[in-house]
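Each remark here refers to the structure printed beneath this line.
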There are 4 protein chains.
Amino acid sequence: MEFNENKPIYLQISETISERILSGEVKPEDRIPSVREYGASIGVNPNTVMRSYEKLTADGIIYNKRGIGYFVASGAREIILEGSRRRFMEEELPAFIRRMHLLGIDPSEICKQL
Amino acid sequence: MEFNENKPIYLQISETISERILSGEVKPEDRIPSVREYGASIGVNPNTVMRSYEKLTADGIIYNKRGIGYFVASGAREIILEGSRRRFMEEELPAFIRRMHLLGIDPSEICKQL
Amino acid sequence: MEFNENKPIYLQISETISERILSGEVKPEDRIPSVREYGASIGVNPNTVMRSYEKLTADGIIYNKRGIGYFVASGAREIILEGSRRRFMEEELPAFIRRMHLLGIDPSEICKQL
Amino acid sequence: MEFNENKPIYLQISETISERILSGEVKPEDRIPSVREYGASIGVNPNTVMRSYEKLTADGIIYNKRGIGYFVASGAREIILEGSRRRFMEEELPAFIRRMHLLGIDPSEICKQL
DNA sequence: GTGGTCTAGACCACC
DNA sequence: GTGGTCTAGACCACA
């Protein structure tokens, strides 16, 4: 797995998992790999994976069954969608627009690509 | 001057300077303040300002006249614009589009706002 | 470790590392010592070592694995060789020749010693 | 006049003057320009030129007539030649050879160009 | 006055 | 443990 330089690996991992849930690749109540297994598969320290799982747990997206593993929460999709949409509309979109104008890029050019 | 917590101060400083050059507030061949002066004015250690200037120098946006100070390079605007545009089209835009689709947001909704 | 007075320590450190890579003493994908460790071993402040590593990174000779350390890039040798050769042929050699002529030194004398 | 980045300007100036004396362009007992005049002609601060003259004076290459100006010493050529030759044979040549070998450059290639 | 280098020591995020 | 950033303060060469 390849990581963006400017973002903590653990965040990139949790985002990847969120996206898999959104896309339906992973479904509610599915078990996700153990930190050790997942870490090995993507070449990352288990501690780092653990941190991702902790974040997802704190957000209510996955939950832990002690001694068994981590599972996707039943409301995971909704939580992810809601949080992401809000952030997208309130933060990412305005930043995107501001930047586009600053660089003098033609909006209609962008629209074609959307 | 206020700084974003999640970004190194020295980067924020160099970005501020780049933006001032883009906006025309500072022009090619203008001298920019000495590291000490600028540091004092924004309440930051001169070493930190130095780092900003080093980055801008590495990018070809400013240059140094020994014993005199730093000056805006003649091609500064072009360098900044080109670099920013490239990053926008190759990185920010694709990420934006991908995210929009993932969240199931209607492109035409976005287009209206651009 | 001993340092030349007229040259920044951090440059001497990065040159030393480059030479070790060239000589094969350190190989591609080898880890190099942490800034703290290396600093302690040569009696230099970690920040100074850090600066050397930053320069080598900028040159593409080493790269960083976050939280783990710095590693020699796979193409390190080629980068170093190419850069050094270019500088030699384009700068050092012409300066040498010019100086030789200026001082009225017989080229054939020099050739014998090469 | 253009200056090398890595060398103090005042040294580059004194070397230029030495070379002009060596080449015969300037002869013993010739007057050289005033610091102000020379500084203006090459776009450098008079203080910097002054420093060059001080160095040349210390080396016995030029001398000062108070209120009149600086003049090339009668033995200037000899002084320059002797010092330069010694440094060339003892320092520059060995460094050049060492570097050539380190880079794996063929001596015969160099010989052709001398 | 200018930048450039270096040290010492701190704090933090990340792995 | 790793690097990365920042501060404070020093010293120096250069213009």
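Within every chain, numbering begins at 1; the chains are lettered A, B, ... in the order of the sequence lines, protein sequences first and strands thereafter. All of these numbers come straight from a predicted model, not from anything done at the bench.
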For C:L11 and B:Y53, find the nucleotide of DNA chain E closest to each by heavy atoms; which residue's nucleotide sits nearer the 5' end? B:Y53
Is there a donor and acceptor pair closer than 3.5 Å between the side chain of B:R36 and the base of E:dG1? no
C:N45 CG to E:dA10 P, in whole Å, measures 13 Å
Report the residue (B:Y10 or C:E37) whose heavy-atom-nearest nucleotide on DNA chain F is the more 5′ of the two. C:E37
Are any of A:T48's side-chain N or O atoms less than 4.0 Å away from OP1 or OP2 of E:dC14? no
Report the distance from atom CG of C:N47 to atom P of E:dC11, rounded to the nearest whole Å. 15 Å
Are C:Y53 and C:Y10, when compared by the centres of their aromatic rings, separated by less than 6.0 Å? no
Tell me which of B:R66 and C:G67 sits closer to the 5' end of DNA chain E, going by the nucleotide each one is nearest to. B:R66
Nearest of F:dG3, F:dT5, E:dT5 to any side-chain atom of C:V35? F:dG3
Does C:S34 place a side-chain N or O at less than 4.0 Å from the phosphate oxygens OP1/OP2 of F:dG3? yes
Rounded to the nearest 0.5 Å, what's the gap from CG on C:L102 to CD1 on C:I97? Could you check? 13.5 Å
In this structure, how many angstroms lie between the C1' atom of F:dC14 and the CG atom of B:N64, rounded? 11 Å
Starting from P on E:dT2, measure out to CD1 on B:I62 and report it in whole angstrom. 15 Å
How many angstroms lie between CG in B:L81 and CD1 in B:I21, if you round to the nearest 0.5 Å? 11.0 Å
Worked verdict on B:R87 versus B:E91 for salt bridge (Lys or Arg N to Asp or Glu O under 4.0 Å): CA-CA 5 Å; B:R87 215 173 327 122; B:E91 295 169 26; 5.3 Å; no
Taking the side chain of B:Y70 as heavy atoms from C-beta outward, which of E:dC15, E:dG3, F:dT2 is closest to it? E:dG3
If I take atom CD in residue B:E54 and atom P in nucleotide E:dT2, what distance separates them, rounded to the nearest angstrom? 17 Å
Length of the line joining C:F71:CZ and F:dG3:C1', which is rounded to integer Å: 12 Å
With a 4.0 Å cut-off on heavy atoms, is C:V44 in touch with a base, just the backbone sugar-phosphate, or nothing at all? sugar-phosphate
Of the options F:dG4, E:dG3, E:dC15, whose atoms approach the side-chain atoms of C:M50 most closely? F:dG4
Would you say CD of B:E78 has more than 12 non-hydrogen atoms from neighbouring residues, nucleotides or ligands within 6.0 angstrom? yes
Name the pairing partner of F:dG9, where a pair is Watson-Crick or G-U wobble with both distances under 3.5 Å, or state none. E:dC6
Length of the CZ-P vector between A:F3 and E:dA13, whole Å: 20 Å
Atom-to-atom span, CD1 of B:I13 to P of F:dC6 - whole angstrom: 8 Å
Of the options F:dT5, E:dT5, E:dC14, whose atoms approach the side-chain atoms of C:R51 most closely? E:dT5
